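Take a look at this one; I'll ask things after.
Keep in mind the model is a prediction, meaning the values are calculated, not measured. Order of the sequence lines fixes the chain letters, A, B, ..., with proteins taken first and strands second; residue numbering starts at 1 for each chain.
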Amino acid sequence: MNGFQSLMQEIGRTFLEKVAVFGRGFLFILSLFSAMPSALLRVDLLMKQIYVAGVLSLPIILMAGLFVGMVLSLQGYNILVEFNAEEAVGSMTALSLLRELGPVVGALLFAGRAGSALTAEIGLMRSTEQISALEMMAVDPLKFVYAPRFLAVVIALPLLVLIFNALGVFGGYLVSVSWLGVDDGAFWSQMSSQVDWHEDVVNGMIKSVAFGLLIAVVALFQGVNAIPSSEGVSNATTRTVVHSSLGILGLDFILTSIMFN
Amino acid sequence: MRKQTKVEIWVGIFVLMSLLALSYIAFQVSNFSGWKERPTYEVSALFDNIGGLKTRAPLKLSGVVIGRITAIEIDPVSFKARVHMNIDQEFNQLPVDSSVSILTSGLLGDQYVGLDPGGDEEVLEQGSEIEMTQSAMVLEELIGQFLVKFSESD
């Protein structure tokens with residue numbers, strides 16, 4: 001009887017803890033949104049965070065975009081040339097970049113580069129009691145620390161995805177036109193007749209905004225709830241990358257099924 | 001303060017780069033038509049069968065794209081397919097007795113509407129209906145006809 005009781009207690013406690021995490025997360029998101037106006041007023045803090053999240057992620061995004069575009073068009077060319085349709089390599093590269101690979105690969109890289117750094121920073125600020133010090137001085141960390149970082153991540157990711165997409169298309173152009181000898185005019189005209197501004201470009205950008213929100217919420221939440229020890233912060237950083245990567249892939253499927261149906 | 005200036009310059013470069021990327025995607029990669037929207041006029045035509053024609057398919061005259069299909073619906077009276085198309089205002093000298101037919105680009109390509117100009121003095125204008133139409137070639141019907149002829153000749 002005692003064993004059964006403690007088993008039930010164990011199940012109940014685990015369940016309640018999981019539910020409590022969801023509740024805390026939801027309240028945290030609400031408080032972030034309520035702190036948005038003050039984050040918009042402190043432009044200097046926002047600038048600093050856009051620099052940290054966006055500008056410092058530029059090198060990895062530039063390199064990745066170029067190479068993803070190049071490899072896409074190389075693979076596409078090898079398949080399409082068998083059907084004498086190698087001109088379609090441009091539209092294939094552009095469509096797969098704009099619809100899927102740009103937002104998803106960009107967001108995955110961004111989660112690894114900026115999301116993890118954000119969690120580690122917040123977690124260390126908590127474990128070294130900088131957040132408590134701010135609270136002691138009656139400075140609200142929500143407005144001063146969390147909200148600018150949240151907004152910066154949400155702004156930076158769509159901009160990075162735009163750059164990723166443009167470089168990917170350029171990489172595809174380099175490989176297929178300059179190297180493999182696809183006709184220049186056919187490459188661009190096929191691309192621009194197949195790629196729709198609203199359906200492909202705008203939907204891709206909506207995806208990247210959604211991924212930015214996801215990464216920002218996960219990274220900040222893990223940082224705030226990290227156990228204040230070196231092991232706790234390292235675990236929280238790992239969880240940020242794992243959770244936001246899986247979240248991006250899952251959310252991408254849901255968004256794709258809504259948008260391109 | 002110098003550090004803040006450096007940060008702001010970098011953020012400026014970052015935003016500028018993304019704007020350049022956006023305009024590159026808009027004008028070079030996609031068919032962004034928000035700013036270069038040209039004036040058009042709408043005509044419609046009734047078809048017995050449109051096959052696999054889709055909205056946004058091109059309308060071609062001698063192979064040159066002169067307009068796009070904007071909507072496809074069923075005419076409530078005749079139960080035929082009514083195809084609405086926008087023609088560029090540039091091509092406003094098309095005779096009213098022109099005929100349209102649904103054609104396929106290549107063996108497996110997309111379907112489009114081809115326009116054959118007639119000889120009338122009057123020209124097509126906003127709201128005109130093209131009377132002479134030729135339906136899409138449907139492969140299943142062709143095979144059916146072929147089989148009927150084949151069995152008749154036996």
- Note on the structure: Of all heavy-atom pairs linking Met17(B) and Ile163(A), the shortest is CB-CD1, 3.9 Å

- Message: Let me confirm one number: the NZ-OH distance from Lys3(B) to Tyr51(A), rounded to the nearest 0.5 Å.
- Response: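 Those atoms lie 8.0 Å apart.
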
- Query: Is chain B contacted by the side chain of Phe170(A), its backbone, both, or neither, given a heavy-atom distance below 4.5 Å?
  - Reply: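 It is both, since atoms from each part get that close.
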
- Which pair of heavy atoms, one from Leu159(A) and one from Val15(B), lies closest together, and at what distance?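 Distance-wise, the nearest heavy atoms are CD1-CG2, 4.3 Å.
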
- Item | Taking every non-hydrogen atom, the tightest pair across Ile25(B) and Leu162(A) | CD1-O, 3.7 Å

- So, the part of Leu58(A) with a heavy atom under 4.5 Å from chain B: the answer is side chain

- Count the heavy atoms belonging to other residues, nucleotides or ligands that lie under 6.0 Å from CD of Glu73(B), then report whether that count exceeds 12.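 For Glu73(B), atom CD is crowded (more than 12 foreign heavy atoms under 6.0 Å).
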
- Does CD belonging to Gln75(A) count more than 12 external heavy atoms closer than 6.0 Å?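 At most 12 heavy atoms, drawn from other residues, nucleotides or ligands, come within 6.0 Å of this atom.
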
- Item | Candidate pair Trp10(B) and Leu56(A), rule side chain to side chain contact (heavy atoms under 4.5 Å, CB included), full reasoning | CA-CA 10 Å; Trp10(B) 271 108; Leu56(A) 294 184; over 6 Å; no

- Message: For residues 85-107 of chain A, give me every residue with a non-hydrogen atom less than 4.5 Å from any non-hydrogen atom of chain B.
- Response: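 Those residues of residues 85-107 of chain A which have a heavy atom under 4.5 Å from chain B are Ala94(A), Leu98(A).
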
- Residues in salt bridge (charged side-chain N to carboxylate O under 4.0 Å, His left out) contact with Glu125(B), at least two apart in sequence or another chain: none

- Is the CE atom of Met36(A) crowded by more than 12 outside heavy atoms at less than 6.0 Å? yes

- Message: Counting C-beta onward and ignoring hydrogens, is there a side-chain heavy-atom pair between Asn165(A) and Tyr24(B) closer than 4.5 Å?
- Response: no

- Query: Which bit of Asp196(A) is near chain B, if near means a heavy-atom gap under 4.5 Å: side chain, backbone, both or neither?
  - Reply: both

- Query: Which heavy-atom pair separates Ala26(B) from Trp197(A) by the least distance, and what is that distance?
  - Reply: CB-CZ3, 3.4 Å

- Message: Are more than 12 heavy atoms, taken from residues, nucleotides or ligands other than Phe67(A), located less than 6.0 Å from that residue's CZ atom?
- Response: no

- Query: Atom CD in Gln4(B), atom NZ in Lys48(A): separation rounded to 0.5 Å?
  - Reply: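 Going from CD on Gln4(B) over to NZ on Lys48(A), the span is 8.5 Å.
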
